[in-house]
Every structure is written in C-alpha cells, then in structure tokens.
Amino acid sequence: MGRCRRQCLEEKYNPKEIEKKWQEHWEKEGLFSVREDHSLPKFYCLEMFPYPSGRIHMGHVRNYVIGDVIARYKKMRGFNVLHPMGWDAFGLPAENAAIKHGVLPAKWTFENIDYMKGQLKKMGLSYDWAREVTTCKPEYYRWNQWFFLKMLERGLAYKKASFVNWCPSCETVLANEQVIDEKCWRCDNTVIQKELEQWFFKITGYAEELLRDADKLGGWPEKVVTMQRNWIGRSEGVEVDFKIVGTDRTVRIFTTRQDTLYGATFMSVAKMHPLVEGLVKDENTRREIASLSEDPEQKEGVFTGHYAENPLTGDHIPIWVANFVLMEYGTGAVMAVPAHDQRDFEFAKKYDLPVKVVIEKWQGARGEGSREGAFEEDGILVDSSQFSGLPSREAREKIADYIEQKELGKRVVNYKLRDWGISRQRYWGTPIPVVYCDSCGIMPVPENELPVILPQDVVFTGKGVSPLLEVKSFVDTKCPRCGKDARRETDTMDTFVDSSWYFIAYCLGGNAKVDLNSAISGQRSAGAIHESPLRYWMPVDQYIGGIEHAVLHLLYSRFFTKVIRDIGLIETDEPFTSLLTQGMVIKDGAKMSKSKGNVVDPDFLINKYGTDTVRVFCMFAAPPERDLEWSDQGVEGAYRFLNRVWGLVYNNKFKIQDSKFKIEEIFSLQPSAISLLRKTHQTIKKVTGSIEKDYHFNTAIAALMELINEISSFNPSGEKDFEVLGLSMRQAIVLLSPFAPHVAEELWRQTGGKEGLLKQPWPSWDEEIAKEEETELVVQINGKVRGRVMIPAGLDDEAVKEKAFSEPKVREHLDGKTLKKVVVVQGRLVNIVI
RNA sequence: GCCGGCGUGGUGGAAUGGCAGACGCGCCGGACUCAAAAUCCGGUGGGCGCAAGCCCGUGUGGGUUCAACUCCCACCGCCGGCACCA
C-alpha cells in the first residue's frame, strides 16, 4: 500500500477487483455508446436477446461472449460497431409464476431483468445499454400493435376459423413452426387440434420471395437455409377438375405428377373434404369415415359410393376417403396412381384396387416395380394416348399445356408453409388492437389510440380462459366508428411478433425512442446528409444465436423485414447478412438442464475466477458453431493462462513500457530476440486469420498461448532485448483484449497505455519479419518420413533436392535403388519415389 | 424413408491434398517444501527395441494420387432436421 506513486501493479492477479474497476471505468466513459458516424464503416453485431427467465445460463454466456469478442475485434478494426441488448420479455413463464406464486407477471419479469442485467454487466459485455429494448413495455409493444394495423391495411392480417394447434398445458394456440414432433416447442406436451377463430399473418404472401431470397443468405449456415427452404416447401403442379359421375359437381385435385394422369385408378379425398358432407348420405359410411384411423402408419379408407371421371381418359374411377390425405394442403383431394406413388400403391393393395403402369424406367421395361412397390421416378410414358413415348419431364409440360388449353384445370404452385397464427389465449403478451362491434363488425383500434394497454389489475386463477376476459374495464369499450358499446379482442399476440423486429428498435435508439411513424417520414425525406439511422445500421452484419430458431424466429424476422421494407421503413430485403449458430453447452454428454442436475452456474464461476477466465474458457474449448463440452479443469486451465500472462508482466514490470523499438533495428538484435519478434508477427497473423476464418477463436487463443510460452522462455539480457520483450508483450495484450478485456486493459495501462484498448488499432504484421529464415525440410521416401534437414528459406527446388539427397539417412535408404520420381513442395518437403 | 452434420490420443480439440495429434486438460517424473497445495522444468498415440531405429495408427472397406484426417465410392455408428405436402 502506498509504495507506488501511481496505482501500481499488484503481484497477484485479482480479477474481482480489476474487473469491477474497468467495468465502472468503461461505463463512466460511455465507451460503448454509439451513434451514426458516416465517416466510418458500420458493423451491426447482434446476439439473440434472452427471455428474462430469472438467471443467465451458460448458453447465454457463450452466446454473448462470442458476440462481444466480435464486437470488440471489429471496433479495433476501425468499424463503428452497434452492439445492443434487450429483453424478450413477454411470455408464458411470467404468467405461470403468477398462477403459482401470486406474483404479478410484470413484477416477476422486471425483477428478473434487473438481476440478469447485473449478471451481463459483470461479464464486461460491450453493450450500448442506452438502446435497451424491453418488449413488455407499452412503448415497445405499441409498435407491435402498429405493425398489426399496417398488416391489416395491407391485407396481411386476417381472421379465420380453422383447426389450429392447441397446447392443453399452455392453454393456447401454437403456430405450425412452434409444433415439434406433434409436441409444444415450449413445454413438450402433445398438441391437439381445435377449431377456433384466430388472427393470422399472411406469411404465405411472401413465400415466393422468402424462398428466392434464401439464395442471398450466403453468410448463413447452409443447414439453416436448407431447413427454411424445406419448410417453405414449394412445389409446382396442376389442379385438375374431375366430374363426379351422375351429378353436375366436380372435384378439384392437385398433382405435381400430371405425367401419371393416365394411370389414375381411383381418387382419394380428405376426411374433412366438403364433398364428403355433400355426397355421402349413408349413415354407416359416414360413421366409418369418422372412425378412420389417425395413425399415420396405417393407411385406411372408405369408398364413398361415387365415381369421378378422369378428364383425360374418360375413365370412371371410384372416389375414396383416405386417412392420409391432408385437407390443408393443395385441394384436399388427390388422384391416386398406385403404380407410381407408394402410398397409393399400399392403399390399392389393401383394398384390391387396380394398378395401371403408365411410366416405364426406360423403353420396354414395362411393369417395372408394379409388384413390390410403386415406381416413383421419372421415366418414359406408356399407355398415355398422344403423350406416350415422352419423357416425364417433357410430358408434364405438354399435359399441363393441354389441360390449360382444354380448360380442365391450371398450373399452380403450392407451398407447405402455412399462414402464421398469432392469436394467443393468454394474458402476458401484446393486446391485439381490435374491437368487436355488433353494428360495425371487426374494427381496428385507430392508430392515434395506441397503445392498447395491457391491464395490470388481473386475477390469475390458472383455470380455463384467458384472464383478460375477466377484466371488464378492458373488455368493455366503445366502437371507434359508431361509438356504441363494443368489446375488445382479448387474445394477445404470439411473442415471436415481438422478436421479429427488435433489431429495428435498437437502431432507433431503444424502447423510449422508437417512433416508427417519424422513422418512415425520416426515411422518405432522407437526403445524403440526414440519412436515417435505420438506413445506416441495417442490415445486421453478424447475428449470433441458437439453431433452434432456424424456422421460427429467423423465418418470422425475414418475413417482417420484407413487410417493413414494403411499408417504407428500410430498404434491405434481408435482416441478417451473416448468421452464426453456436453449439450447445454440454456437460457429461448432455445438454445442461436442471432435471439432469448438470448445470454450471455462471455467477459462481465469475465469482471464483472472474469473467475473463470464463470468457477465455468458452472461446478456447471449441469453435463457436460446435457443441462445447464443459470442463471444470478446462476453466482452471484458462485461469492459469491469465495468471501466467499477469505474472509475466509483473516480473518485467519496469522493463515493459511503451517500446520505442523500430523495425529497422532488427539487424542489431541477437538471434533469440529476432526469433521472439518473428513469433510475435506470426501470432498476429495467426490470431487475425483465425478470427477472420469463421471466428475460430479456439485456434486464436492457442496461438496466443504459444506466444506467451515463448515470451516466458525468452531470457533478455540487453536493453534491446527488453525492448523486444516489451513490444512482444504489449502486442500479446492487445491480441488478448477481445477475449479477456479486463485483465488486458489493466496490463495495458500498467505498461504505459494511455488510451483504452478499444481505441487501439488491431495490430498488423510484417510478412518479411514473420517469415522463417530457416525451415525444416521433410524428406520422404515413398511417402514415409526418413529425414529432416534445416534449409534456408527461399532455396530453389534444385538446391532443395540436393540437400535432401545429401542427408546420410536418406542415402542409406536409397542405397542401390532406382529413382522413379522426385516431388518437391516449395521449401517444405521432398518426396523421393523409388 | 429423405436431407444435412459428425466420427482423430486417456480427454476438449489442431492440421490451404504435403511432418497427424498445435494449444489446453489429465497423467507420469523432477525442482521448491518438514509436508501438502500452488508454481516452475521435463515427458506423454500404440507396439517392438538397450539403443539407433522400425512397424502400426484419423469409424470400416475400397479407389484416385508421388503423397489422403482432407478428394471419390460403398458401408457402420452417433447427432440434428423433415416425414403421408400428392
């Protein structure tokens, strides 16, 4: 105490103290706050914001550290970096807590946010907290309502009655994307079908563009793009009308295999197909239809007693109701071609229906596959009137043309993607801004009356219907048009609406400052000088989060971005240029979970080792996209490493200062100093390369460890040596800073750094210095290593060969053999083939 | 069933077609200590050998190549996604 005049370097690395010190310092300096600066290239670095469940878990830690390392690195590379954070604050757990413990969802949520924000702050993450968004606050969710009204205006929001996915446990509806293996994405309970009136967003209106623009997602993992493409599930085909024999009605079918039209031997329609209601009068048959198996494995059907006429052949084919035909896709009716569709084949076998081959694998291969299964591939048409002899692909075009000419049907494109059902029968979400009036019908709440505030005085019974239904002051309202008594919509919005545009809110300055109306007019009047913040920051350059949102949040956000563009707020088509899907944090071979009892508490670790250690371990243990196997000993290793760095600086504290060393002086250095200098430049190159190459921080840290090892074993003797040591050490500190910012900052300042590390430019390397003077030449004989020789760099191939052949061990092996070939790999390897 | 990813020491993981196992963990040995912890130094894929060295080795089997963890084909195992979408 008091030995040094300025604050001096302690012998022992004390992470708690220095982390607190620098976090306070950074906050006081406002180091992480950003604004638009058109003189700098921008970089928008974003991590998926968390649901405030109570505490940060290791998955969050990993996610946010990856983002922070990128943000800090990009800042040092001269980018103006936007790096915000917020809270996906609406959702069921808050409501469940209310039911269980009697805490109001708002209170529960805000307390969690407080605690978790404290945790994030202790991690030294470089967020501009001024831009924080909290989706459960009225100043945020009013814009959800605003978007809803915009969607209504554009015909992109509508209400319809339909069968929807209902989670009995969450007591609410789920969108298709939120049902995984027939189970609820959140609580894992089996989802049932229920008929309800629901609000939908017409995401299918953008299906084509969402699919087409998937090609633009070059910075995304191919896997995620493929999942989205498959989810959208585009297929081209034709719809064809079949007359129902003996009536004046028709059935419309959809097929992508119009080349097999001549092979249709019956027709299958869905249970719910309107035709069934209209045609089947017999009570027994109706009962049979109703009792058809729901089991997808079991193919079952019932003959309706009616026949359809194939418009191409005039054949009369029986109409069956089949349990595997979906009402929601296509027209709910299909022509059955057992020879060329496996499902139809199995069905035909079961009910002894005819199989007619119309596609051959090649000319003359008749009957192929008709016994054991369907031949589903393309081939050559047979028994297909004027189309016989055509290959499938061509026949599809010709038959589609023919159908359109004869007005029997038309070409259509179908998608698996369904509209996004956004109504939720729960309290803790954004109220849907709609009023029901007996005279005027469904009335949107006028924009100037937004937000529709979620009432606070609510009773949570946990039974049956949404608590909002019980709040008279909320439900009872006046019609905005006629002023008569009316009732409010009590469903709230899916919380995925909140997260579909939050990246926009950050650009506009966070919760309090978001004003989309003025953002639109700002955008319209935007000139070169007063460019809108949205135009400046969007799109997100790097997005980081879990792969579990591959077809949920990531698809919804793409949809919203396109709508937002069409509204005129932004100009980009896609929200996220690059996407990094980080792997899970695993312990003892399983994902960390309370039920498995293998969770590691970030608070405990940060308290014990400091956040820098946790950060370094998370970045070192595996590349970001892979799963990370947790290892307590690995954490110790990271801690040891930082201690070594600390000790190294401490032991040389009076020698490591801002070095005046100039690169021209290299010739006056002794070999070991040159070697350290070279290693330093090699490390800068390696670390930079590792970060640039898919953010492989693990190898970047490994390279840094190598450099630290080399510095440790360097024995400086003269002043010049110490200068090299100082330079090398200070470069190492700079390279370490994105990973372990606190300890780096402390050591940097203690060794003469006047300005903070984030203001330092990222170091550059000199190829000439990084290059080895001598390299080890590997000599192989028939591909096996038989010797190693040191050779000077830049030796030509002939000289290298000569060196190789002069090696005694090599000569021994070559003795008496005939040379076949000699391969030289520039400066690295010689392979002698005998 | 279809689509995608992965398979490397005891372990987490490295390797533009060119020395397999960087770096870390663990383990073994040594120094320091009365002792331990911490720290530091050295060793560490397997087999044979006193040694020099030799042989084997990246899930399995084949192929391309002077040379394959890397490219191609087939198979096995694990993980993830989709699955009556006509």
Side-chain angles (χ1 to χ4, degrees), chain A residues 180-181 221-231 233-235 237 253-258 260 268 270 295-299 322-326 328-337 340-344 346-347 376 414-418 547-548 550-551 583-584 586 616-617 620-623 625-638 640-641 643-644 647 686 689-690 693 696 698-709 712-713 776-788 809 812 820-834:
Chain A
I180 293 150
D181 285 339
E222 190 53 45
K223 181 189 167 84
V224 177
V225 180
T226 305
M227 281 167 74
Q228 292 214 349
R229 282 202 186 100
N230 292 341
W231 189 261
R234 180 184 200 273
S235 53
I253 60 107
F254 171 71
T255 182
T256 56
R257 290 299 304 271
Q258 58 271 26
T260 64
S268 309
D295 178 11
E297 292 297 302
Q298 216 69 14
K299 299 224 167 359
N323 67 337
F324 62 87
V325 177
L326 304 172
E328 313 85 73
Y329 184 78
T331 58
V334 293
M335 63 168 190
V337 185
H340 306 294
D341 182 287
Q342 189 57 28
R343 296 159 298 185
D344 296 341
E346 285 166 30
F347 196 84
E376 293 185 314
N414 266 320
Y415 299 91
K416 286 203 260 182
L417 182 71
R418 300 288 139 74
I547 198 165
E548 64 272 18
V551 286
M584 286 186 300
I586 302 287
V616 167
F617 171 74
F620 178 63
E625 72 280 2
R626 276 224 249 178
D627 285 351
L628 182 153
E629 177 74 35
W630 191 263
S631 157
D632 292 334
Q633 280 142 345
V635 180
E636 293 272 356
R640 251 197 307 264
F641 168 63
N643 270 291
R644 266 158 58 73
K686 182 75 209 290
S690 286
K693 195 207 159 201
H696 276 194
N698 56 329
T699 51
I701 293 172
L704 259 173
M705 286 172 167
E706 282 188 58
L707 177 61
I708 293 298
N709 289 344
S712 300
S713 53
E776 193 182 55
L777 178 75
V778 172
V779 187
Q780 295 182 330
I781 294 168
N782 287 347
K784 284 183 180 168
V785 182
R786 296 298 179 187
R788 295 153 200 277
K809 277 176 209 156
E812 236 172 84
K820 275 198 197 136
K821 192 174 179 178
V822 181
V823 184
V824 181
V825 181
Q826 178 71 126
R828 290 217 268 185
L829 179 140
V830 173
N831 190 11
I832 303 163
V833 188
I834 51 175

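Basis for what follows: all heavy atoms, side chains included, without hydrogens, waters or symmetry-related copies. Proteins come first, then strands; the chains are lettered A, B, ... in the order of their sequence lines, and each starts at number 1.
With sequence neighbours left out, A:Leu829 forms a side chain to side chain contact (heavy atoms under 4.5 Å, CB included) with A:Val778, A:Gln780, A:Val825, A:Asn831. A:Ser235 pairs by the side chain to side chain contact (heavy atoms under 4.5 Å, CB included) definition with A:Phe254, A:Thr256, A:Tyr329, A:Asn414, not counting sequence neighbours. Scanning for side-chain hydrogen bond (donor to acceptor under 3.5 Å, both in side chains) contacts around A:Glu625 gives A:His696, with sequence neighbours left out. Qualifying salt bridge (charged side-chain N to carboxylate O under 4.0 Å, His left out) partners for A:Glu636, counting only residues two or more places apart in sequence or in other chains: none. The salt bridge (charged side-chain N to carboxylate O under 4.0 Å, His left out) test applied to A:Arg343 returns A:Asp341, not counting sequence neighbours. Judged as a salt bridge (charged side-chain N to carboxylate O under 4.0 Å, His left out), and not counting sequence neighbours, A:Arg418 has no contacts. Looking at residues two or more places apart in sequence or on another chain, you find a side chain to side chain contact (heavy atoms under 4.5 Å, CB included) between A:Val334 and A:Ser268, A:Val325. Residues passing the ring pair (Phe, Tyr, Trp, His ring centres under 6.0 Å) test with A:Phe617 are A:Trp630, sequence neighbours excluded.
A donor-acceptor contact under 3.5 Å is not formed by the side chain of A:Arg343 with the base of B:rC85.
Separation of the C1' atoms belonging to B:rC27 and B:rU16 is 35 Å when rounded to the nearest angstrom. When the C1' atom is compared between B:rA67 and B:rC76, the two are found 27 Å apart, to the nearest whole Å. Here the separation of B:rG5 from B:rC71, taken at their P atoms, is 11 Å to the nearest Å. With C1' as the reference atom, B:rG12 and B:rG21 are 13 Å apart, rounded to whole Å. Taking atom C1' on both B:rG7 and B:rA14, the two are 16 Å apart, rounded to the nearest angstrom. To the nearest whole angstrom, the two P atoms, one in B:rC85 and one in B:rC3, are 15 Å apart.
Dashed line: the shortest gap from a side-chain N or O of A:Lys784 to OP1 or OP2 of B:rC56 is under 4.0 Å. Contact annotation: A:Arg626 side-chain N/O to B:rA14 OP1/OP2 distance is under 4.0 Å. Here A:Ser235 reaches the OP1 or OP2 of B:rA86: one of its side-chain N or O atoms lies under 4.0 Å away. Taking 4.0 angstrom as the limit, A:Tyr415 places none of its side-chain polar atoms (N or O) nearer than this to OP1 or OP2 of B:rC85. OP1 or OP2 of B:rC54 sits under 4.0 Å from a side-chain N or O of A:Arg786.
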I'd like a table of donor-acceptor pairs (distance under 3.5 Å, sequence neighbours excluded) in which one partner is a side-chain atom from residues 701-708 of chain A, with atom names and distances.
{"residue": "A:Glu706", "atom": "OE1", "partner": "A:Lys679", "partner atom": "NZ", "Å": "2.9"}

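Syn is the glycosidic conformation of B:rG9, whose angle stays within 90° of 0.
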Hey, what are the protein-to-nucleotides 66-68 of chain B N/O distances that come in under 3.5 Å?
{"residue": "B:rC66", "atom": "OP1", "partner": "A:Lys821", "partner atom": "NZ", "Å": "3.4"}
{"residue": "B:rC66", "atom": "O2'", "partner": "A:Asn831", "partner atom": "ND2", "Å": "3.2"}
{"residue": "B:rC66", "atom": "O2", "partner": "A:Asn831", "partner atom": "ND2", "Å": "2.7"}

Between the protein and nucleotides 9-12 of chain B, list the N/O to N/O atom pairs that are separated by less than 3.5 angstrom.
{"residue": "B:rG12", "atom": "O2'", "partner": "A:Ala621", "partner atom": "O", "Å": "2.8"}

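Backbone-only contact: A:Asn709 has heavy atoms under 4.0 Å from sugar-phosphate atoms and none from a base. Note on A:Gly233: nothing from the nucleic acid sits closer than 4.0 angstrom, heavy atoms only. A:Val325 comes within 4.0 angstrom of a nucleotide base, judged by non-hydrogen atoms across all strands. Counting any heavy atom pair closer than 4.0 Å across all strands shown, A:Glu222 reaches no nucleic acid atom. Note on A:Arg644: only backbone sugar-phosphate atoms sit closer than 4.0 angstrom, heavy atoms only; bases stay farther off.
Secondary-structure stems of RNA chain B, taken as three or more successive Watson-Crick or G-U wobble pairs (i with j, i+1 with j-1) under a 3.5 Å distance threshold, comprise B:1-7 with B:76-82, B:10-12 with B:23-25, B:26-31 with B:39-44, B:45-48 with B:53-56, B:59-63 with B:71-75.
The ring of A:Phe641 has its center no closer than 6.0 angstrom to the ring center of A:Phe620.
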